[in-house]
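One-based numbering along the sequence shown.
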Amino acid sequence: MTAIAISEPGGPMVLKQERRPVPGPSGGDILIRVRAAGVNRPDVAQRQGAYPPPPGASDLPGLEVAGEVAATGPEATRWKVGDKVCALTPGGGYAEYCLTHESNALPVPHGFTLTEAAALPETFFTVWHNVFQRGGLRAGESFLVHGGSSGIGTTAIQLAKAFGARVFATAGSSEKCEACRTLGADRAINYREEDFVSVVKEATEGKGVDLILDMVGGDYIDRNYEAAAVEGRIVQIAFLGGPKATANFAKLMMKRLVHTGSTLRPRTTEFKGQIAAELERQVWPLLGERRVAPVMDMIFPLRDAWRAHERMEEGQHIGKIVLDVG
Ligand SMILES: NC(=O)c1ccc[n+]([C@@H]2O[C@H](COP(=O)([O-])OP(=O)(O)OC[C@H]3O[C@@H](n4cnc5c(N)ncnc54)[C@H](OP(=O)(O)O)[C@@H]3O)[C@@H](O)[C@H]2O)c1
């Protein structure tokens, strides 16, 4: 099969097309004939050598795919050859064939193209776990997501809104803020022009927000403590602005805040299967009605994966970048 491999740690040009053997499914795995693969920021970190694949995972990048089931392992029971699925993968999505456990696959939502379906798993699994399971967001609460126009952010805005929250989002340009509002953000904050702490404080009569999903870290950590409401929760999913910070922990104590975080990729197949089951029950019907949909930024052919990474690193994209595997 054709695959895109990381020839050595480095810039986008280290992504090289290779021929690899088609992997065979064992146990409860399924083999997917990949038609499209989502590109995510963790792929960029993996390419740079900063995010090695967990033990046992493919060395090829690619955490999400959509396509048809091509073969099933001896213990796989849910899918049959030819079924159209989208799936979270342990790695190896930038290829014509990819393995994953059958419980980490979901049906392609009604009316979705495979390119759109490939844009779903990584951000929907991440947002569902961190905003709803870990963050405990409930209808009527207020929610702030940083990086509102990112793959994760565009998913978080739509799901938080669909489940009845009041949504604030930060982003780095007026165009990105406009996109956040179109997706349902009640207030988008251009962080280059406005201070998100002042904005959310003013909009909530000084109360602050109930939940913050943060991928920036750095000096946002102390400011998140300031922007959070009493008994507020902050969920950390990345540190694009740096993992170290000076923060006033008195605010955490006085407001009884909960500051937590998680990473999806190293979690067990069973854990990811539980998220998939909840998504199928609670979110897939919303996708089927197009009340929620991925925001498609650009689609590149698999052989041009390096251009997709370049696009992501330039930081102008809004929503998801996807590879067309053909
Ligand atoms: N913990 C987990 O389980 C998990 C799972 C998936 C992804 N993630 C992480 O979540 C983040 C978003 O992923 P994604 O695939 O949605 O990425 P993405 O689309 O590239 O989004 C990154 C966003 O961060 C904003 N940003 C703010 N400060 C930044 C900085 N210093 N450098 C670069 N970007 C900055 C960018 O837009 P502005 O112009 O608004 O700044 C951009 O919208 C990534 O860091 C990724 O590693 C975590």
Side-chain angles (χ1 to χ4, degrees), residues 123 126-262 315 318:
T123 68
T126 301
V127 168
W128 187 256
H129 176 59
N130 289 289
V131 173
F132 296 94
Q133 296 180 329
R134 183 164 293 274
L137 187 66
R138 293 181 294 272
E141 286 195 319
S142 51
F143 170 63
L144 168 65
V145 56
H146 294 303
S149 65
S150 65
I152 295 280
T154 51
T155 301
I157 291 170
Q158 293 182 77
L159 286 183
K161 199 66 200 166
F163 284 91
R166 181 181 183 198
V167 178
F168 297 85
T170 64
S173 71
S174 52
E175 189 198 357
K176 288 182 171 184
C177 284
E178 179 59 34
C180 294
R181 279 190 295 274
T182 305
L183 289 170
D186 297 280
R187 179 72 159 87
I189 304 158
N190 181 344
Y191 65 78
R192 295 184 202 281
E193 292 173 356
E194 291 181 294
D195 169 37
F196 73 81
V197 176
S198 316
V199 173
V200 299
K201 282 285 182 89
E202 199 181 314
T204 57
E205 283 96 37
K207 179 174 168 277
V209 286
D210 299 306
L211 177 66
I212 301 175
L213 181 68
D214 184 26
M215 60 181 73
V216 180
D219 72 350
Y220 275 33
I221 292 179
D222 190 60
R223 295 163 74 199
N224 285 340
Y225 290 175
E226 191 67 42
V230 170
E231 304 274 1
R233 292 93 65 201
I234 299 153
V235 184
Q236 207 69 49
I237 57 162
F239 291 103
L240 288 165
K244 295 190 179 162
T246 301
N248 181 349
F249 290 105
K251 291 176 209 161
L252 179 128
M253 186 172 69
M254 298 307 291
K255 291 192 195 174
R256 302 182 296 281
L257 302 178
V258 174
H259 188 176
T260 178
S262 76
I318 293 176

Between Arg166 and Asp210, is the closest basic N to carboxylate O distance under 4.0 Å?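 Answer for the salt bridge query: no.
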
Could you tell me whether Arg181 and Asp186 have a side-chain N and a carboxylate O separated by less than 4.0 Å?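 No, no charged N to carboxylate O under 4.0 Å.
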
Looking at residues at least two apart in the chain, or sitting in another chain, which of them share a ring pair (Phe, Tyr, Trp, His ring centres under 6.0 Å) with Phe143?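 Per chain and number, Phe143 pairs via ring pair (Phe, Tyr, Trp, His ring centres under 6.0 Å) with no residue.
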
Before giving the answer on side-chain contact (heavy atoms from CB on, under 4.5 Å), spell out for His146 and Leu240 the whole-Å C-alpha distance, their side-chain angles and the decisive distance to 0.1 Å. CA-CA 11 Å; His146 294 303; Leu240 288 165; over 6 Å; no

Report yes if some heavy atom in the side chain of [X] is under 4.5 Å from a heavy atom in the side chain of [Y]; otherwise report no.
X: Arg233; Y: Leu257; result: no
X: Lys251; Y: Glu226; result: yes
X: Val235; Y: Val131; result: no
X: Leu137; Y: Phe163; result: no
X: Phe239; Y: Val216; result: no
X: Ser262; Y: Asn130; result: yes
X: Lys207; Y: Lys201; result: no

Heavy atoms of other groups near Glu194 CD, more than 12 under 6.0 Å: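 Buried by this count: over 12 neighbours within 6.0 Å.
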
Can you establish whether the number of heavy atoms outside Glu202 located under 6.0 Å from its atom CD is more than 12?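 No, CD of Glu202 has 12 or fewer neighbouring heavy atoms, counting only those of other groups under 6.0 Å.
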
Look up atom [atom1] in [X] and atom [atom2] in [Y], then write down how far apart they are to the nearest 0.5 Å.
X: Leu144; Y: Ile234; atom1: CG; atom2: CD1; result: 9.5 Å
X: Asp214; Y: Arg223; atom1: CG; atom2: CZ; result: 10.5 Å
X: Phe132; Y: Arg138; atom1: CZ; atom2: CZ; result: 12.0 Å
X: Thr126; Y: Met215; atom1: OG1; atom2: CE; result: 9.5 Å
X: Lys176; Y: Thr170; atom1: NZ; atom2: OG1; result: 10.5 Å
X: Ile318; Y: Cys180; atom1: CD1; atom2: SG; result: 8.0 Å

Ring centroid separation for Phe196 and Tyr220, is it under 6.0 angstrom?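 Aromatic pair counts; centres sit under 6.0 Å.
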
With side chain to side chain contact (heavy atoms under 4.5 Å, CB included) as the test, pick out the partner of Arg134 among Val258, Leu213, Thr260.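 Among Val258, Leu213, Thr260, the one meeting side chain to side chain contact (heavy atoms under 4.5 Å, CB included) with Arg134 is Thr260.
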
Asn190 and Ser174: side chain donor to acceptor below 3.5 Å: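 Per modelled atom types, Asn190 and Ser174 side chains form no pair under 3.5 Å.
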
Which word best sums up how the rings of His259 and Tyr225 line up, parallel for under 30°, tilted for 30 to 60°, or perpendicular for over 60°?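 Answer is perpendicular, since the angle exceeds 60°.
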
Atom of [X], atom of [Y] and distance for their closest heavy-atom approach:
X: Lys161; Y: Gly184; result: CD-O, 3.1 Å
X: Ser198; Y: Asp195; result: OG-OD2, 2.6 Å
X: Ala227; Y: Ile212; result: CB-CD1, 4.3 Å
X: Ser142; Y: Gly208; result: OG-O, 3.8 Å
X: Leu183; Y: Ile157; result: O-CG2, 3.8 Å
X: Ala156; Y: Val127; result: CA-CG1, 3.8 Å

Let me see the working for Val200 and Arg187 under side-chain contact (heavy atoms from CB on, under 4.5 Å), right down to the final yes or no. CA-CA 9 Å; Val200 299; Arg187 179 72 159 87; over 6 Å; no

Walk me through whether Trp128 and Thr155 qualify under side-chain contact (heavy atoms from CB on, under 4.5 Å). CA-CA 9 Å; Trp128 187 256; Thr155 301; over 6 Å; no

